[in-house]
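So the structure is just underneath, and the comments pick up after that.
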Amino acid sequence: MHDIKAIREDRDAFVRGLKRRGLSEAETLADGLLAQDKALRELLTRLQSGQARRNDASKLIGQAKQKKDEAQAKALMDEVAGLKDAIQQGEAEQRDLEQKLRDALAVIPNIPGADVPDGANEAANVAVVSRAFGKPPGLNNPKQHFEIGEALGQMDFERAAKVSGARFVYLKGDLAKLERAIASFMLDTHTQQFGYTEVSPPVLVKSTAMFGTGQLPKFQDDLFRIGDDDPFWLVPTAEVPLTNYVADEILGEAELPLRMTAFTPCFRAEAGAAGKDTRGMIRMHQFSKVELVSITTPEQSQAEHERITDAAQEILKKLDLAHRVVTLCTGDMGFSAEKTYDIEVWLPGQNAYREISSCSNCGAFQARRMNTRYRNAEGKVQGPVHTLNGSGLAVGRTLVAILENYQEADGSVAVPSVLQSYMGGKTKIAKV
RNA sequence: GGACAGGUGGCCGAGUGGUUUAAGGCAGCGGUCUUGAAAACCGCCGUGGGUGAAAGCUCACCGUGAGUUCGAAUCUCACCCUGUCCGCCA
């Protein structure tokens, strides 16, 4: 959510930012907002002088009545009665204008950071060369993960389709255990090495929480919803409950940065993804993910963005999985992000790098929607905090990457050394 | 799901239609006193908005929303949340 005051003070910067995002009618949009803002402020000035007079007169009426001066009281009451309609109408108009302005602001995406490359789509994303890691392994005729999993008899899409439909999967035996091992390994790394606090959050949330992180009102079609009025929503990522943890709060500067990590299932309707990644478990309605969220001061957020990306990459490094990092261009970034790094892992079966993590600095954008601020050391309330989130990592896709990168010619899969202790010492997953 | 009781500033807590400008206390900050500290005493101490160069003036906010009234923390209605008990339950 944007600050209308900031738009008022620098309309052109706002317009430039939205244009970089690809919004061609940014000028019209900005001028519309400013016109609404102006109308609202003019109304407030008018309305408040009426309210001030009413308050004064009402006080005088009280005093007159105490002095038993009924004539004086009557005269004042008559005067205020004349103001009443105008005030009530003005208050209704104020509510209406504020609501309209808020609704208009709620669907405008965040402004890209100054160092974000311009571009219309993922073709314009820019590699972060210094963050690249490892080389694709030389494998002969590598299989795709679902071929491996199905041959092991431990990955079942058919029965999942019978029970739940497309884009669901059953994992069994060692593969089910591997998912749990991956998650434990990730959580342990983030808590022990990077100081994140492990959290087990709700995965059903209210509309206000979805608004806070920016999924609502615009992206309702991507979400699963439960109930008609005052619904619950299934979280598409633990970013939602972790970030909204601080909603409507004023935090002390001393407690920042606040770092939280959670392992949760994630639910996505995948509307509009028809035909994409239909085989295998790359794109599911339900998948599990370890998420990282940081709440910081504005001064800290850029450094924290690098740090959160480090934490996510550390997992892939320990698993010895080749990957690269790209800075998303203005046209490829999510709604709430100011700057985003995507981490892409090498998948031999697909002969391609595929996204496994997305680390974003949302600046003050979500904090404004959530009404989360902080207090400095002197106790003075400052502006909104900054919020960041990153996948650390998508567990399903990590399992896919392990299957494809650690596959053996005989159809078995080696267990990466850092996971062996989580797998009861097992070094290999084979058909039973 | 049902019954009852509640929701007031950072915290506790008074306040059932009009000098409420939300009492009082705790915590915090500044000061007096003191060699220093404690105690005592004095002062300050919510958020957001409008207007203004500023000082200031002003509006809104007592769980949320709507309403009654000249005037609402206080009355009415709806909803949300918390606690206790009952029911159900991993």
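Here is how names work: the chains are called A, B, and so on, in the same order as the sequence lines, proteins then strands, and each is numbered from 1.
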Note to self: Base, sugar-phosphate or nothing for A/Arg8? Non-hydrogen atoms, less than 4.0 Å.
What the structure shows: sugar-phosphate
Check: What is the nucleic acid contact for A/Ile61, judged by heavy atoms within less than 4.0 Å: base, sugar-phosphate only, or nothing?
Finding: base
If I take atom [atom1] in residue [X] and atom [atom2] in nucleotide [N], what distance separates them, rounded to the nearest angstrom?
X        : N     : atom1 : atom2 : answer
A/Tyr374 : B/U47 : OH    : P     : 15 Å
A/Asp96  : B/G65 : CG    : P     : 16 Å
A/Arg375 : B/G28 : CZ    : P     : 15 Å
A/Lys74  : B/G71 : NZ    : P     : 14 Å
A/Lys206 : B/C80 : NZ    : C1'   : 7 Å
A/Glu249 : B/C11 : CD    : P     : 11 Å
A/Leu47  : B/G49 : CG    : P     : 17 Å
A/Asn371 : B/C61 : CG    : C1'   : 13 Å

Could you work out which one of [options] sits closest to the side chain of [X]?
X       : options             : value
A/Gln48 : B/A60, B/G50, B/U21 : B/G50
A/Leu44 : B/G71, B/U47, B/G50 : B/G50
A/Ala52 : B/U58, B/U51, B/C70 : B/U58

Check: Can you find a pair of side-chain heavy atoms, one from A/Leu347 and one from A/Ile282, that are under 4.5 Å apart?
Finding: yes
Item checked: Side-chain heavy atoms of A/Val415 within contact of A/Ile429, under 4.5 Å -> yes
For [N], give its Watson-Crick or G-U wobble partner with both distances under 3.5 Å, or none.
N     : answer
B/A27 : none
B/A3  : B/U84
B/A40 : B/U32
B/C75 : B/G67

Side-chain N or O of [X] less than 4.0 angstrom from OP1 or OP2 on [N]?
X        : N     : value
A/Lys59  : B/G18 : no
A/Arg46  : B/U58 : no
A/Arg95  : B/G67 : yes
A/Asn55  : B/A60 : yes
A/Arg53  : B/C57 : no
A/Arg373 : B/U47 : no
A/Arg41  : B/G49 : no

Provide the distance between the two [atom1] atoms, one in [N] and one in [M], to the nearest whole Å.
N     : M     : atom1 : answer
B/A78 : B/G30 : C1'   : 48 Å
B/A22 : B/C61 : P     : 12 Å
B/G43 : B/G48 : P     : 27 Å
B/G63 : B/U82 : C1'   : 10 Å
B/A27 : B/C12 : C1'   : 10 Å
B/C88 : B/C11 : C1'   : 37 Å
B/U20 : B/G36 : C1'   : 43 Å
B/G13 : B/C89 : P     : 37 Å

Notebook entry, point to check: Can you pull the salt bridge (charged side-chain N to carboxylate O under 4.0 Å, His left out) pairs that have at least one residue in residues 171-199 of chain A, sequence neighbours excluded?
Noted result: A/Asp174-A/Lys426
Item checked: Ring centre gap for A/Phe365 and A/His2 strictly below 6.0 Å -> yes
Notebook entry, point to check: 5'-most contact on RNA chain B: A/Met77 or A/Gln51, nearest heavy atom basis?
Noted result: A/Gln51
Checklist line | Whichever of A/Gly62 and A/Lys84 has its nearest RNA chain B nucleotide further upstream toward 5' | finding: A/Gly62
Notebook entry, point to check: Which pair of non-hydrogen atoms, one from A/Ala104 and one from A/Gln36, has the smallest distance, and what is that distance?
Noted result: CB-NE2, 4.2 Å
Notebook entry, point to check: For A/Thr213, which of A/Val205, A/Thr387, A/Thr243, A/Leu242 qualifies under side-chain contact (heavy atoms from CB on, under 4.5 Å)?
Noted result: A/Thr243
Checklist line | A/Asn125 and its side-chain contact (heavy atoms from CB on, under 4.5 Å) partner, picked from A/Thr340, A/Asp332, A/Asp342 | finding: A/Asp332
What donor-acceptor contacts under 3.5 angstrom involve side-chain atoms of residues 264-273 of chain A, with partners at least two apart or in another chain?
from	atom 1	to	atom 2	distance (Å)
A/Arg268	NE	A/Pro236	O	2.9
A/Arg268	NH2	A/Pro236	O	3.0
A/Glu270	OE1	A/Arg283	NH1	3.4

